[in-house]
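Chain letters run A, B, ... following the sequence lines, proteins first, then strands; residues in each count from 1.
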Number of protein chains: 2
Amino acid sequence: MSSQRSGVLELAVLGLLHETPMHGYELRKRLNSVLGAFRAFGYGSLYPCLKELLRQGLIAEEAPAGPTAKPLAGRKSKIVYRLTAEGKERLQDLLREAGPASWEDDGFGVHFAFFGLTRADIRMRILEGRRSRLEERLDSVRAAMSRTRERLDSYTLELQRHGLESVEREVRWLNELIASERQSGPEPGGRAGDHTQSGSAGTAG
Amino acid sequence: MSSQRSGVLELAVLGLLHETPMHGYELRKRLNSVLGAFRAFGYGSLYPCLKELLRQGLIAEEAPAGPTAKPLAGRKSKIVYRLTAEGKERLQDLLREAGPASWEDDGFGVHFAFFGLTRADIRMRILEGRRSRLEERLDSVRAAMSRTRERLDSYTLELQRHGLESVEREVRWLNELIASERQSGPEPGGRAGDHTQSGSAGTAG
DNA sequence: GTTAGCATGTAAGGAGTTACATGATTTT
DNA sequence: AAAATCATGTAACTCCTTACATGCTAAC
C-alpha cells in the first residue's frame, strides 16, 4: 500500500535537496536532468515519495521567505522542501550503503550521480562491485553463446553482439574510473572519515 | 492481482515456444540466453505467466510422447508446453504491434529478438520508432545540459557523458540496421504480406 | 478572456521480484 | 544415502506508471 520505503527515488530526492531547497516540479526536472539518459520519473512517483519523506521527518516545508508573502489562502501554490537534520543523516546512511543494490543498473546510476557526496572508499567498492556484476553477466552470456551455439537467427545474434559490446564498453569505462580514483586517493591505511570530494572523475579517455 | 495480461514476458514465451515445445526450466534458461545482457527473469515471473497463458488457451501441455511413460503419479515432473493455434495467432498479433511500447527499452529488445518472425515493414517501423525515441532523449538531455549549465559536479557530468555516448552509439547501430534493411527489402509499393525472414541483420560495421 | 505552461496531487493497478516451500532425478 | 541440481510452484510485496482531477499564473 504505497509508502515508498526505499528505492532509487529516496536517495535521489535527498541528494538533490542536499544541494538546495526546491519544490516538486523543479525537483522533477532536475531529477530527470541529473539521471538524464538512463532513468526518468513522473509526478505520480515523485509526489507520493515527497509525502512519505515528509511523514518520516526527513524533509520539511521551507518557511516562505518574505513575511506573509501571499498568506497561502486556500493552500495551493509552490511548496518548497528542504532537508532536515534527520534527512541529512539518512542521506549519509544511504550513501554509505555499498551492497548489491548499489551495483544493479538503477541503484548504480543514482549512487554514481552522488559520488560527490560519497566517501572515497565507498566509491571504490561500488565501482568494483558494479564491475564484477557486469563481468558475471559477460561470463554467463558468453557461456550461453558457446553452449552448442544454440540455433539463433541473425537478429538474435546481432542483439547479443550489441548487448555484449555495450557491457564491455561499460567495463572499460569503469576501469578508467577505478584507475583514476586510485591515483587521487589511495586510502593508505584503514583510514575512514571525511567525505569531501577529492576524485576528479577521470578525463582519462 | 497477478494475471500477466501483457508485458514482455508473454511475447518472449510465445516466441520461444514457436521454435519448439519446452518445459519451464528450459524456457527460462533459453529466455535469459536470448535476452542475454539486457533482461533476466526468475521463476517467480515465468511460472505465473505460463499458468495464465495456459488458462487463455494460448499454450497447452504436450502429451507425453511414449505411451504411459511414467503415468504421472502424484503429478510432479516435467511439463512440456507447446503453442496452440490460438497461441500462434496471438503471437502474430503481438509481432504486428508496432506502437510506443515496441520502442521502449524492454519492449524493443524483445521485439528485436523475434525480428526473424516479423514482417519487414513492421521491422522498419520499430527500428525507426526506436531511433526517434532515442533522439528525443538525446535532445532533452542536451537541452538540460546547456540550460545555464546547471551546476553539476564532475561525477554527474561524467555520468551524463557516458549516458549520452551510450545512446549515441545505439543510434548509430540502428542507422546501420535500417540501412541494411532498406537494401534487402525496399518494400516498393504498398506491399504487405509474407513474414519470412529476408533481412540479414547487417554485418555493416 | 482564453490558451499554455507551471504546480500539486490521488486512485488504481501493472509487471515483475523475493523469499519461501517442495518434490524428482542424477551424481558422488 | 547424501548432496547437487533439476523442476515446479505460491504469497506477499515493491516500486513505479497511467490516467485522472484540479487550481494558479503569465502571455497573447
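- Following rounding to the nearest Å, B:L46 (CG) and C:dT18 (C1') show an atom-to-atom distance of 16 Å.
- Direction change of the helix axis from one end of the helix from C:dG1-D:dC28 to C:dT28-D:dA1 to the other is 30°, with five pairs defining each end axis (rounded to 10°).
- Residues meeting the ring pair (Phe, Tyr, Trp, His ring centres under 6.0 Å) test with A:H18, sequence neighbours left out: none.
- Nucleotide D:dC16 holds its P atom 7 Å from the CG atom of A:D106, rounded to whole Å.
- Listed by residue number, the members of residues 20-30 of chain B with any heavy atom below 4.0 angstrom from DNA chain D are B:H23, B:G24, B:Y25.
- Evaluation of the salt bridge (charged side-chain N to carboxylate O under 4.0 Å, His left out) rule for A:E86 yields no partner, not counting sequence neighbours.
- Atom CD in B:E104 sits roughly 10 Å away from atom P in D:dT17 (whole-Å rounding).
- Put simply, CZ on A:R55 is 18 Å from C1' on C:dG9, counting in whole angstrom units.
- Judged as a salt bridge (charged side-chain N to carboxylate O under 4.0 Å, His left out), and not counting sequence neighbours, A:D139 has no contacts.
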Return all side-chain donor-acceptor pairs below 3.5 angstrom for residues 99-110 of chain B, not counting sequence neighbours, or 'none' if the list is empty.
from	atom 1	to	atom 2	distance (Å)
B:S102	OG	B:E97	O	3.1
B:S102	OG	B:G99	N	3.0
B:S102	OG	B:G99	O	2.7
B:E104	OE2	B:R133	NE	2.7
B:D105	OD1	B:R130	NH1	3.1
B:D105	OD1	B:R130	NH2	3.0
B:D105	OD1	B:R137	NH2	3.1
B:D106	OD2	B:R39	NE	2.9
B:D106	OD2	B:R39	NH2	3.2

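- The side chain of B:F41 approaches C:dT17 more closely than any other nucleotide in the set C:dT17, D:dA7, C:dT10.
- With sequence neighbours left out, the salt bridge (charged side-chain N to carboxylate O under 4.0 Å, His left out) criterion links B:R125 to no other residue.
- The ring pair (Phe, Tyr, Trp, His ring centres under 6.0 Å) pairs that include a residue from residues 20-42 of chain B are B:Y25-B:Y43, where partners are two or more places apart or lie in different chains.
- If you measure from atom NZ of A:K51 to atom P of C:dG9, you get 9 Å, rounded to the nearest angstrom.
- Taking atom CG of residue B:N32 and atom C1' of nucleotide C:dG16, one finds them 13 Å apart after rounding to whole Å.
- Residues passing the salt bridge (charged side-chain N to carboxylate O under 4.0 Å, His left out) test with B:E19 are B:R30, sequence neighbours excluded.
- Partners of A:R142 by side-chain hydrogen bond (donor to acceptor under 3.5 Å, both in side chains), not counting sequence neighbours, listed by chain and number: A:E168.
- A:Y81 places its OH atom 11 Å from the C1' atom of C:dA7, with the value rounded to the nearest Å.
- Scanning for side-chain contact (heavy atoms from CB on, under 4.5 Å) contacts around A:T20 gives A:M22, B:R151, with sequence neighbours left out.
- Here the straight-line distance linking atom CZ of A:R82 with atom CD1 of A:I59 works out to 10.0 Å at 0.5 Å rounding.
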For nucleotides 19-21 of chain C, which of its nitrogen or oxygen atoms have a protein nitrogen or oxygen under 3.5 Å away, and what is each distance?
none

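- Distance A:I79 CD1 to C:dG9 C1': 9 Å, rounded to the nearest Å.
- Comparing D:dT17, D:dA7, C:dT10 against the side chain of A:Y47 picks out C:dT10 as the nearest.
- In this structure, A:T118 OG1 and A:Q92 CD are separated by 8.0 Å, a value rounded to the nearest 0.5 Å.
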